[in-house]
Each structure stands twice: as structure tokens, then as C-alpha cells.
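This report refers to the structure that appears directly beneath it.
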Amino acid sequence: MNHGEFTAVMIVAIVMFASIIRAKYGYGRHRRRDGGEIPPSDQGETLRLRDEVKELKERLKVLERITVEKENSLAKEIESLRDR
């Protein structure tokens, strides 16, 4: 086994070891590293931010639709002027 293969095997082993430790000690999305649960105030903030992101995505969709409609109407106006 050459140096490059050994390095790759070591990286895979380290990642697997870290994943096992993480699973064993419960480091997940809803836990803090000190083992405590995320406080309800932070959970509320997370929900508020998710709602805000959802609203912003909806507004972005509307703006994209308006932009496309304006481009289409502008193209139609230009074509109508060319046809004269």
C-alpha cells in the first residue's frame, strides 16, 4: 500500500470513528455539544426563522414571475414595433 492509499484509508477510518462517537453520544440536530437540549427559546427562534425564510422564498417567486412577465411583455412590444 502506497502513501496515498494509506492516507485515504486513514481519512475514512477517522470519519467512521467520528460518526460512531457522534451517534453514541447523541450529537444530533437537536442537541448541544454539552449534552443539553436546545432551550425552548432557541427552538422558538428557529421556528420563527424558518417561517421568515418561507415567506422570503414566496416573495422571491413572485418577483421572479413579475420579472419574467415584464420581459415577455417588453419582447412583445418590441416585436409589435418591428412589425409596423
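- Considering only residues two or more places apart in sequence or on other chains, E55 meets the salt bridge (charged side-chain N to carboxylate O under 4.0 Å, His left out) condition with none of them.
- Note: Q43 CD to T46 OG1 = 7.5 Å, rounded to the nearest 0.5 Å.
- By the side chain to side chain contact (heavy atoms under 4.5 Å, CB included) test, T67 pairs with E71, sequence neighbours left out.
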Practice task
May I have the step-by-step check of salt bridge (Lys or Arg N to Asp or Glu O under 4.0 Å) for K61 and E58, ending in yes or no?
Solution key: CA-CA 5 Å; K61 286 180 186 178; E58 290 173 6; over 6 Å; no
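- Residues passing the side chain to side chain contact (heavy atoms under 4.5 Å, CB included) test with E52 are R48, L49, L56, sequence neighbours excluded.
- To the nearest 0.5 Å, atom OG1 of residue T7 and atom CE of residue M10 are 9.0 Å apart.
- Partners of E64 by side chain to side chain donor-acceptor pair (under 3.5 Å), not counting sequence neighbours: none found.
- Residues satisfying the side chain to side chain contact (heavy atoms under 4.5 Å, CB included) criterion with I14, sequence neighbours excluded, are absent altogether.
- Applying the side chain to side chain contact (heavy atoms under 4.5 Å, CB included) test to V62 and every residue at least two apart in sequence or in another chain returns R65, I66.
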